[in-house]
Amino acid sequence: MSPPPLLTAALILAPLLFFFFTEPVLCWRPWPNSTDLLYGGSKKYEGSSEFVHLKYHMGPVLTANITVYPIWYGKWQSSQKRIIREFIGSISAADSKPPSVAGWWKTVQLYTDQTGANISRTVHIGEEKNDRFYSHGKSLTRLSVQSVIKSAVSASTRPLPVNPKSGVYLLLTSEEVYVQDFCNNVCGFHYFTFPSIVGYTLPYAWVGNSAKLCPGVCAYPFAVPDYIPGLKPVKSPNGDVGIDGMVSVIAHEIAELSTNPLINAWYAGQDPVFPVEIADLCEGIYGTGGGGSYTGQMLNGRDGATYNMNGIRRRFLVQWLWNHLLNYCTGPNALDH
């Protein structure tokens, strides 16, 4: 039986409405701190502010064990995939040396749904999909990002599972791929797919490798913007500026997808189209004393690399997150822990 005319019209108009009236939640990268534009002088060190009112809007959060499904779009080296896989795998590795990625995730676990259930402590990698031949081209729009995800879940061979309740679909684009607004202070975003495009409502994120296009924007502080004379980059912990920069953006997006998967759960601000989420409030803060243009106190390895937390076998530099119980940004390397 054919669908009624109103339903048909709704299915046709949904992607158009999405394009014109809504946007994915953007990750603005960290120099200077973007939330200064919202809260200005009210921000104190480590993002603390009595003016920040992060609220729960009664939507779902990811309380079941979280599965991340990476979609590798473009050409990726095996070494690059290993760095990202290990970061995701480290989120639940409670026995990692402190300060640890698992310790960082404890801030995310503080957030609850309307029943009082906390976000899951378990995050693991599920099935993966490779798209080496740029099936949707080397320049993607926000809508074509959803089309890439559709291709991954509807592939004729080894499609990704459809997991709307606890799945996170992570589209990672290689360094030669441009995504709409990439490098214009945007290095990643998250949203949810539309049934009219993908067939399902699935929380997803996109993060791009900025190594060729804009490392000074998206891989800071491992690269620095050209417009800041005299500022020197720090050494990345895993020897790949683009990938080490991606790790913090991936962390940002997974944390926000977990606490606000359908853009109706945890965020500050009055407009759900432009919410300020738990990672947005702490962009550019990696250690004690951080805020504004100062990253805070980080750790330096014997090899000269800069990091702030340990994974299973690797070190990572990951931004802090907003702790709504303490009302400031927190991280596992805080000096007052």
Side-chain angles (χ1 to χ4, degrees), residues 8-29 68-76 80-81 84 126-164 167-214 217-218 242 245-246 249-250 252-254 256-257 260-263 273-275:
T8 302
L11 292 174
I12 294 171
L13 285 174
L16 296 176
L17 291 172
F18 164 70
F19 182 78
F20 287 112
F21 297 109
T22 66
E23 293 184 354
V25 182
L26 304 178
C27 171
W28 299 88
R29 283 294 290 158
V68 179
Y69 301 103
I71 302 169
W72 306 95
Y73 192 85
K75 296 179 180 178
W76 290 87
Q80 295 175 325
K81 290 183 177 182
I84 293 173
E127 289 88 335
E128 305 179 26
K129 199 69 179 173
N130 293 287
D131 193 332
R132 303 180 186 88
F133 302 110
Y134 317 97
S135 64
H136 294 263
K138 291 187 179 182
S139 182
L140 303 176
T141 65
R142 295 190 185 107
L143 286 179
S144 60
V145 161
Q146 292 206 25
S147 296
V148 174
I149 296 170
K150 177 183 179 181
S151 296
V153 300
S154 61
S156 57
T157 58
R158 301 179 66 183
L160 292 182
V162 175
N163 182 1
V168 169
Y169 294 80
L170 183 61
L171 175 60
L172 304 169
T173 51
S174 57
E175 60 187 8
E176 64 279 352
V177 177
Y178 176 78
V179 174
Q180 184 179 351
D181 295 324
F182 192 20
C183 298
N184 185 22
N185 284 332
V186 175
C187 308
F189 58 70
H190 75 89
Y191 210 63
F192 53 87
T193 63
F194 286 84
S196 56
I197 299 175
V198 179
Y200 311 93
T201 300
L202 305 172
Y204 76 92
W206 158 75
V207 179
N209 184 349
S210 67
K212 285 186 177 179
L213 296 175
C214 56
V217 175
C218 296
M246 286 184 76
V249 186
I250 290 169
H252 178 125
E253 301 303 342
I254 292 177
E256 291 186 343
L257 271 172
N260 197 26
L262 300 181
I263 323 299
V273 176
F274 300 102

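Each residue takes its place number in the sequence, starting with 1.
Contact between Pro275 and Ile263 at its shortest, heavy atoms only, is CG-CG2, 4.0 Å. Looking at every heavy atom in both residues, Met246 comes nearest to Leu172 through CE-CD2, 3.8 Å. Nearest heavy-atom pair, Asp181 versus Val186, reported as atom, atom and distance to 0.1 Å: O-CB, 3.4 Å. Here the closest non-hydrogen pair linking Gly137 and Leu140 is O-CD2, 4.0 Å.
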Go through the steps to decide whether Cys187 and Cys218 satisfy the test disulfide bond (SG atoms under 2.5 Å apart), and finish with yes or no. CA-CA 6 Å; Cys187 308; Cys218 296; 1.9 Å; yes

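By the 4.5 Å heavy-atom criterion applied to side chains, Tyr134 and Glu176 are counted as neighbours. Residues His252 and Val207 fail the side-chain proximity criterion, which asks for heavy atoms closer than 4.5 Å. Using a 4.5 Å heavy-atom threshold, the side chains of Tyr169 and Leu257 count as separate. The shortest side-chain heavy-atom distance between Pro203 and His190 does not fall under the 4.5 Å cut-off. Side chains of Val153 and Pro159 form no contact here, defined as non-hydrogen atoms less than 4.5 Å apart. At least one side-chain heavy atom of Leu171 sits less than 4.5 Å from a side-chain heavy atom of Val145. Side-chain contact check for Trp72 versus Arg132: every heavy-atom pair is 4.5 Å or farther apart. Residues Phe189 and Tyr204 are in side-chain contact: their nearest non-hydrogen atoms beyond the backbone lie under 4.5 Å apart.
Remark: the backbone N or O of Leu202 is paired with a side-chain donor or acceptor of Thr193 at under 3.5 angstrom. Remark: the backbone N or O of Asp131 is not paired with any side-chain donor or acceptor of Ser135 at under 3.5 angstrom. A donor-acceptor contact shorter than 3.5 Å is absent between the side chain of Glu128 and the backbone of Pro70.
Of the inter-residue distances, the one linking Cys214 atom SG with Asn209 atom CG reads 9.5 Å to the nearest 0.5 angstrom. In this structure, CZ on Phe194 lies 9.0 Å from CG on Leu143, to the nearest 0.5 angstrom.
Here the two rings, on Phe182 and Trp206, have centers that are under 6.0 Å apart.
Under the 3.5 Å distance criterion, with hydrogens and angles disregarded, a donor-acceptor pair is assigned to the side chains of Ser144 and Thr141. No side-chain donor from either of Tyr191 and Gln146 sits under 3.5 Å from a side-chain acceptor of the other. In this model, a donor atom of one side chain and an acceptor atom of the other lie less than 3.5 Å apart for Lys81 and Asn130. Tyr69 and Asn163 share a side-chain donor-acceptor pair at under 3.5 Å.
Partners of Ala152 under the side chain to side chain contact (heavy atoms under 4.5 Å, CB included) rule, at least two apart in sequence or in another chain, are Ile71, Lys129, Leu160.
Annotation for Tyr178: atom OH counts as buried by contact number, over 12 foreign heavy atoms lying within 6.0 Å.
Using the six-membered ring where Trp is involved, His136 and Tyr73 have ring planes that are tilted, between 30° and 60° apart.
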